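The next block holds one structure in the form of structure tokens; read it before the comments.
All of these numbers come straight from a predicted model, not from anything done at the bench.
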2 protein chains.
Amino acid sequence: MTRREPRPRERGIPEATVARLPVYLRALQALSESGTPTVSSEELASRAGVNSAKLRKDLSHLGSYGTRGVGYDVGYLVYQISRELGLTQDWSVAIVGAGNLGRALANYGGFGTRGFRIAALLDAEPALVGDRVAGLSVGHIDTLEGVVEAENVSIGVIATPAQAAQAVCDRFVGAGVTSVLNFAPVVLNVPPEVDVRKVDLSIELQILAFHEQRKADGREGPERIGTLDAPPGPAGGQ
Amino acid sequence: MTRREPRPRERGIPEATVARLPVYLRALQALSESGTPTVSSEELASRAGVNSAKLRKDLSHLGSYGTRGVGYDVGYLVYQISRELGLTQDWSVAIVGAGNLGRALANYGGFGTRGFRIAALLDAEPALVGDRVAGLSVGHIDTLEGVVEAENVSIGVIATPAQAAQAVCDRFVGAGVTSVLNFAPVVLNVPPEVDVRKVDLSIELQILAFHEQRKADGREGPERIGTLDAPPGPAGGQ
DNA sequence: CCCACTTTGTGCGCGTGTTCACAAGGGCGT
DNA sequence: ACGCCCTTGTGAACACGCGCACAAAGTGGG
């Protein structure tokens, strides 16, 4: 019934590959700027921090853009990857939350790569409205729907506190936004046609802490050291 | 030879599970605060945005902490997950880069969850040194090694521009830091014993753009529309 | 004390992703 | 024009993660 199709891979590029294409693109752009005309899979893989076989398989999903015995033409690959990622057109982005994070995002060098345009930076706090950040003026959250429509915003960025995130998300969705990038530490509920990606600082830190603990355990000897281990007990916890 | 062991899963918890534990933990903490004593896998899974079978399997890696017919004791699970993630001890974190991003991170509510202590916020820019952010004073980057040693920092956060990232990383590693959280858009080179996690805004945006383009293609009709498709050509790129 | 109901814990099949290893293909020197 | 050497593209084996579906286990009511 509500069975979700495993997304029949609309045109054949695996999700894992899509996630790596931007990394390749960045490495290629650096090569391009340094005037390098061609690059081997080995070299590019090393710069992207991946295995060269994986790189070749990833690129093979886009087509046969390499030349055996030579490598890949840098400029050509940049173009092909950009096109595949949809960066040959401009995407309008609206950021909600003009705190430090929202400002950091807005200042993030033309949003890291060309292809993205910040249509608006909005906040609920009247004191912030009107501030100038990265060449644009902070708008009030109530203008969200208007901006989304007028500027044809398709990607919404949520840089608000956790409590506000779901409400902002709902407004984005209601206004027609179909992709959301969420920096707030909450799980967002959205209709299935909307894509959500989450960036969560504290989760990343906790994952690092886990591995760090592993390493520390190893160093201090594998014997269970005297953990002051009176677990709350399944009955009385909290 | 340089064959990398596939990491024999030191104590049995799959990486994918580790990445979800913090999400469960957050949901559980919310339940705990609202006074809920027990929760079923179904309910918790829904709040965490995952499948309930997956949740049960994840939790089963920590041990048998549920009660059949009842569910999980919220307080007890909070404790067990915290312990597994290493959050029952405090980790010292140093942040390099006191721009908007660094400040956003420093202000991130006691770093999202207890278990982390910001030992220092450093920057290379003399004009920023001495600023007070989130109750601490911005230090100079040259004090990095001293701080790492004195405060026993094991996790380094890089919130600098791309050009500076590798150098900062090298200093972290040289000073004995074994986990790095990198916000700069570069691939860091580190010795194998160091863990690096990357958070990259522009990559996330590009992935969203990819899917957005897919959706748009679908809407405009599946026929290849007249892409002004004169690819630079493998010969003349750049 | 037993039975019906609820919910956990997990065996299993499937799809995805990763890596090795090699055949196919193209350039370049002679 | 030929053959060597380099690098791509991919078949196949393997590892991993996911989700279904069900047996095991504990609860509460009569």
Query - Residue B:Pro14, side-chain heavy atoms: nucleotide from C:dG17, D:dG17, D:dA21 that is nearest - result: D:dG17
Report summary line: Separation of D:dC16 atom P from B:Asp58 atom CG, nearest Å, is 16 Å
Query - Donor-acceptor pair between A:Ser92 and A:Asp90 side chains, under 3.5 angstrom - result: no
**Report entry** Separation of atom NZ in B:Lys54 from atom C1' in C:dG9, rounded to whole Å
**Finding:** 17 Å
Donor-acceptor contacts, no H, no angles, side chain residues 183-194 of chain A, under 3.5 Å, sequence neighbours left out:
none

Requested in this report: Identify whether any heavy atom of A:Thr17 sits under 4.0 Å from a base atom; if not, whether one sits that close to sugar-phosphate; answer base, sugar-phosphate or nothing.
Outcome: nothing
Query - Side-chain-base donor-acceptor pair under 3.5 Å for A:Lys57 and C:dT19 - result: yes
**Report entry** A:Arg197: salt bridge (charged side-chain N to carboxylate O under 4.0 Å, His left out) partners, not counting sequence neighbours
**Finding:** B:Glu204
Requested in this report: Respond yes when some side-chain nitrogen or oxygen of A:Asn51 is under 4.0 Å from OP1 or OP2 of C:dC20, and no when none is.
Outcome: yes
**Report entry** Protein-nucleotide distance (A:His61, atom NE2; C:dT18, atom P), rounded to Å
**Finding:** 10 Å
Report summary line: Picking from C:dT8, D:dT8, D:dG19, the nucleotide nearest the side-chain atoms of A:Tyr72 would be D:dT8
**Report entry** Listed partners of A:Glu43 passing side chain to side chain contact (heavy atoms under 4.5 Å, CB included), at least two apart
**Finding:** A:Val39, A:Ser40, A:Arg47
Query raised in the report: Base, sugar-phosphate alone, or nothing: which one does B:Ala53 contact when heavy atoms must sit under 4.0 Å apart?
Result: base
Query raised in the report: Should the pair A:Asp58-A:Arg20 be classified as a salt bridge under the 4.0 Å nitrogen-to-oxygen rule?
Result: yes
Query - Non-neighbouring partners of B:Ser46 that pass side chain to side chain contact (heavy atoms under 4.5 Å, CB included), sequence neighbours left out - result: none
Query raised in the report: Is it the case that A:Arg26 and A:Gln29 place a side-chain donor and acceptor less than 3.5 Å from each other?
Result: no
Query raised in the report: Between B:Tyr108 and A:Leu101, is a side-chain contact (heavy atoms from CB on, under 4.5 Å) present by the stated rule, with each step listed?
Result: CA-CA 9 Å; B:Tyr108 192 32; A:Leu101 181 54; over 6 Å; no
Output one line per pair: protein atom, nucleotide atom from nucleotides 24-26 of chain C, and distance, for all N/O pairs under 3.5 Å.
residue: C:dA24; atom: N3; partner: A:Arg68; partner atom: NH1; Å: 2.5

**Report entry** Value in whole Å for how far the P atom of D:dA15 lies from CD of B:Glu15
**Finding:** 18 Å
Query raised in the report: Where along residues 39-50 of chain B does a heavy atom fall under 4.0 Å from DNA chain D?
Result: none
Query raised in the report: Taking atom P of C:dT7 as reference, at what distance in whole Å does atom CZ of B:Arg56 sit?
Result: 11 Å
Query raised in the report: Does atom CD of B:Gln89 have more than 12 heavy-atom neighbours from other groups under 6.0 Å away?
Result: yes
